[in-house]
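See structure below.
Since we're looking at a predicted model, the values are computed, not measured.
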Amino acid sequence: MAKKLSIIFMALWLTGCAPFTENNIIEELAPVTFLSLSKGDEGKIKISTILAPLSKEKKSVMTQEVSLIKEGLRNFNLNFYQEMKSGQMRMLIINEDLGKEGIMSIINVLLTDPDISLRIYLVIVKGNFEEYLENQLDKQENLDYSFYRMLKHYEEKNQGELSVVNLHEFKNLLYTPYSDPFLPVFKIENDAISYEGTALFQNDKLVEIITTFYDRIFQLLNNNHYLAVLPIPELEVVLGHVRSKTKVDINKSLSTMTYTVNIDSRIEEYRGEKQLFDPKDLEDLKKDIQSNLEKQTQELVKKMQELNVDPLQLGIHTLKPFSKPMDEKKWIKIFEKMEIKIDYQFNIEPLTDSNAKS
C-alpha cells in the first residue's frame with residue numbers, strides 16, 4: 001500500500017500537478033479591494049478592509065491586530081464565510097505613524113505576492129481611517145470604489161493636481177540610486193477625507209509632508225510638470241495651463257547647482273491694482289511672479305537638503321559617460337551642502353478673452 005502511495009506522489013510531482021487546488025468557486029470568494037494598515041499595540045499592525053458579500057448583505061469593516069500582514073489575511077478568512085482573495089486589490093492605505101517607522105517590509109510583501117498587481121495605489125492617511133470607514137459606510141456604501149476612481153482619474157488625466165503613485169513607481173524610486181520615494185497624503189477631519197499634500201520619504205521612512213503652495217511647486221517640478229491652475233494669493237493672480245521644463249547644471253567641483261525652470265502659462269485671473277494692458281505693469285507683474293516662485297522653490301529645495309532627501313532625482317545629473325557613478329550616500333552629503341540657485345524663465349500670456357474670434 002505504501003508503495004502505491006509513493007508511486008502516486010511521484011507521478012504528481014513529476015507532472016507538476018499539486019495534490020491540492022485553490023478554491024475558485026466565485027460564490028465562495030470575497031475580493032479584497034483595499035487594505036488599510038496602521039500601528040497596533042506592542043509593535044503589531046492593525047489591518048482593516050471592507051468585506052463585500054455577494055448577497056444583499058450590507059458591507060462591513062473587518063479589522064485584525066497581528067504581527068504579520070499575511071497572518072491578518074489568514075485571520076480574515078477564519079472569521080468570514082467567504083474566502084478572501086487579493087487579486088482585485090486596488091489600494092494600500094498606510095497610516096502616517098506607520099509610515100514614519102518605515103514600510104520596506106510592507107512593500108516587499110506586496111512585491112512577492114503574485115496575486116497583487118504592481119498598479120495598486122499607495123496612499124498615506126492622517127487620522128483614524130478605520131473609524132472613518134465605520135462612520136461613513138452607512139452614508140456612502142461604495143466609499144472604497146469612489147476613492148479608487150478619484151485616484152485613477154487624476155492618474156489618467158495627468159493634471160498635476162495631486163501626487164498619485166502606484167506600487168511599481170514607488171518600488172522604482174525606493175530601489176533606484178539617486179532617488180527617494182514620495183506618496184500622496186489624505187487627511188481625515190470631521191467625517192471627511194481630503195487631499196493634504198505629498199509625503200517625502202528618506203529611503204522607506206516618511207520624514208516630511210509638504211502641503212499648500214510647496215506641494216503645488218512639487219507637482220510642477222517633479223510630478224506631471226503641469227498644473228491646470230496655480231493661484232498665487234500674495235500677488236492676487238491665478239496662472240492657468242502652467243507647463244514647466246526643468247534644466248539642471250552642476251559645476252565641476254560639485255559645490256553649486258543651477259536649477260532652471262522654464263514656464264509657459266497665461267494669466268487666468270487678476271484682482272490686483274496693476275493695469276495689465278499697460279506693458280510696463282504687465283512686465284512688473286511677471287517679475288513679481290518670478291521672484292515669488294523662485295523664493296518658494298528655494299525654500300522647498302532647502303527643506304529637502306535639510307532632510308537629506310532627493311525626490312527630484314537631482315543626483316542623476318552627476319552621472320557622466322565613461323566614469324564610475326558616485327556612491328549614493330556620498331551624493332546626499334554633497335547635496336546637503338550644495339549651493340542651489342533657482343532661476344525661473346517665464347513665457348506668460350496676459351489676461352485675454354480666450355473666446356474672442358481671431
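Between Lys295 and Glu299 there is a salt bridge, with a side-chain nitrogen of the basic residue lying less than 4.0 Å from a carboxylate oxygen of the acidic one. At a threshold of 4.0 Å, the pair Asp113-Lys70 counts as salt-bridged, since one of the basic side-chain nitrogens sits closer than that to a carboxylate oxygen. Salt bridge status for Lys100 with Glu96: present, with a side-chain N to carboxylate O gap under 4.0 Å. A salt bridge links Glu196 to Lys126: one of the charged nitrogens lies within less than 4.0 Å of a carboxylate oxygen.
Of all heavy-atom pairs between His317 and Gln313, the closest is CD2-O, 4.0 Å. Taking every heavy atom of both residues into account, Ser163 and Pro184 meet most closely at O-CB, 2.9 Å. Minimum interatomic distance between Ser117 and Leu167 (heavy atoms only, all atoms of both residues): O-CD2, 4.0 Å. Closest approach of Phe182 to Val165, counting heavy atoms only: O-CG2, 3.4 Å. Here the closest non-hydrogen pair linking Gly99 and Ile94 is N-CG2, 4.2 Å. In this structure, Val66 and Lys44 approach most closely via the heavy-atom pair O-CB, 3.2 Å.
In this structure the side chain of Lys139 reaches within 4.5 angstrom of the side chain of Gln136, judged on heavy atoms. For the pair Asp288 and Glu234, the minimum side-chain heavy-atom distance is 4.5 Å or more. No side-chain heavy atom of Gln345 sits under 4.5 Å from any side-chain heavy atom of Lys247. Within the 4.5 Å cutoff, no side-chain heavy atoms of Asp204 are placed close to those of Ile107. Side-chain contact check for Glu131 versus Glu134: every heavy-atom pair is 4.5 Å or farther apart. The shortest side-chain heavy-atom distance between Lys286 and Gln290 does not fall under the 4.5 Å cut-off. For the pair Phe218/Met304, a side-chain contact is recorded, criterion being any heavy-atom separation below 4.5 Å from C-beta on. No side-chain heavy atom of Leu200 sits under 4.5 Å from any side-chain heavy atom of Lys303.
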Original post:
Which is it for Gln296 and Tyr214 under the side-chain contact (heavy atoms from CB on, under 4.5 Å) test, yes or no, and what are the steps along the way?
Top reply: CA-CA 7 Å; Gln296 305 221 39; Tyr214 289 141; 4.1 Å; yes
**OP:** Verify side-chain contact (heavy atoms from CB on, under 4.5 Å) between Trp331 and Leu314, making sure each step is shown before the conclusion.
**Re:** CA-CA 10 Å; Trp331 156 246; Leu314 299 172; 4.1 Å; yes
Subject >> Pair Ile193-Phe129, side-chain contact (heavy atoms from CB on, under 4.5 Å): steps then yes or no >> reply: CA-CA 9 Å; Ile193 188 167; Phe129 191 70; 4.0 Å; yes
Subject >> Intermediate values then yes/no, side-chain contact (heavy atoms from CB on, under 4.5 Å), Leu118 and Leu111 >> reply: CA-CA 7 Å; Leu118 291 177; Leu111 291 174; 3.6 Å; yes
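Legend: salt bridge (Lys or Arg N to Asp or Glu O under 4.0 Å) pairs involving residues 176-190, not counting sequence neighbours, sorted by first then second residue: Lys187-Glu189.
Between Tyr344 and Phe346, the two ring planes are parallel [angle under 30°; tilted spans 30° to 60°].
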Donor-acceptor contacts under 3.5 Å from residues 254-261 side chains, at least two apart:
residue, atom, partner, partner atom, Å
Ser255, OG, Asn251, ND2, 3.0
Ser255, OG, Ser253, OG, 3.0

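Side-chain atoms of Glu169 come within 3.5 Å of backbone N or O of Asn166 as a donor-acceptor pair. Asn142 places no side-chain N or O within donor-acceptor distance of the main-chain N or O of Ser146, the cut-off being under 3.5 Å. Checking side-chain atoms of Glu328 against main-chain N and O of Tyr178 turns up a donor-acceptor pair under 3.5 Å. Gln64 contributes no side-chain N or O that, together with a main-chain N or O of Phe76, makes up a donor-acceptor pair within less than 3.5 Å. The closest donor-acceptor contact from the side chain of Asp97 to the backbone of Lys39 lies at 3.5 Å or more, if one exists at all. The backbone N or O of Gly127 lies less than 3.5 Å from a partner atom in the side chain of Asn95, making a donor-acceptor pair. In this structure, the side chain of Thr112 engages the main chain of Val109 through a donor-acceptor pair within 3.5 Å. One N or O on the side chain of Ser265 and one on the backbone of Gly240 form a donor-acceptor pair closer than 3.5 Å.
Side-chain contact of Thr63 with Ser48: a donor-acceptor pair under 3.5 Å is present, judged by distance alone.
Atoms CD and NZ, from Glu294 and Lys287 in turn, are 12.5 Å apart once rounded to the nearest 0.5 Å. Rounding to the nearest 0.5 angstrom, the gap separating the CG atom in Leu220 from the NE2 atom in His225 is 8.5 Å. Separating the CG atom in Asp343 from the OG1 atom in Thr246 is a distance of 12.5 Å, to the nearest 0.5 Å. Taken from CD1 in Ile93 to CG in Leu133, the straight-line distance is 7.0 Å, to the nearest 0.5 Å. Taking CD1 of Ile263 as the start and OG of Ser244 as the end, the distance is 5.0 Å to the nearest 0.5 Å. How far CD1 of Ile47 is from CG of Leu35: 4.5 Å, rounded to the nearest 0.5 Å.
Under a cut-off of 6.0 angstrom, the local environment of CD in Gln275 is sparse, with at most 12 non-hydrogen atoms contributed by other residues, nucleotides or ligands. Under a cut-off of 6.0 angstrom, the local environment of NZ in Lys205 is sparse, with at most 12 non-hydrogen atoms contributed by other residues, nucleotides or ligands.
The side chain to side chain contact (heavy atoms under 4.5 Å, CB included) test applied to Arg216 returns Glu161, Leu227, Val229, Leu230, Pro231, not counting sequence neighbours.
If you chain together hydrophobic residues whose side chains sit under 4.5 Å apart, Val238 and Leu235 never meet in one group. There is a path of hydrophobic side-chain contacts, each under 4.5 Å, that joins Tyr195 to Val164. Under the 4.5 Å side-chain heavy-atom criterion for Ile, Leu, Val, Met, Phe, Trp and Tyr, Leu110 and Leu68 are members of distinct hydrophobic clusters.
Ring pair Phe34/Phe147: centre-to-centre distance not below 6.0 Å.
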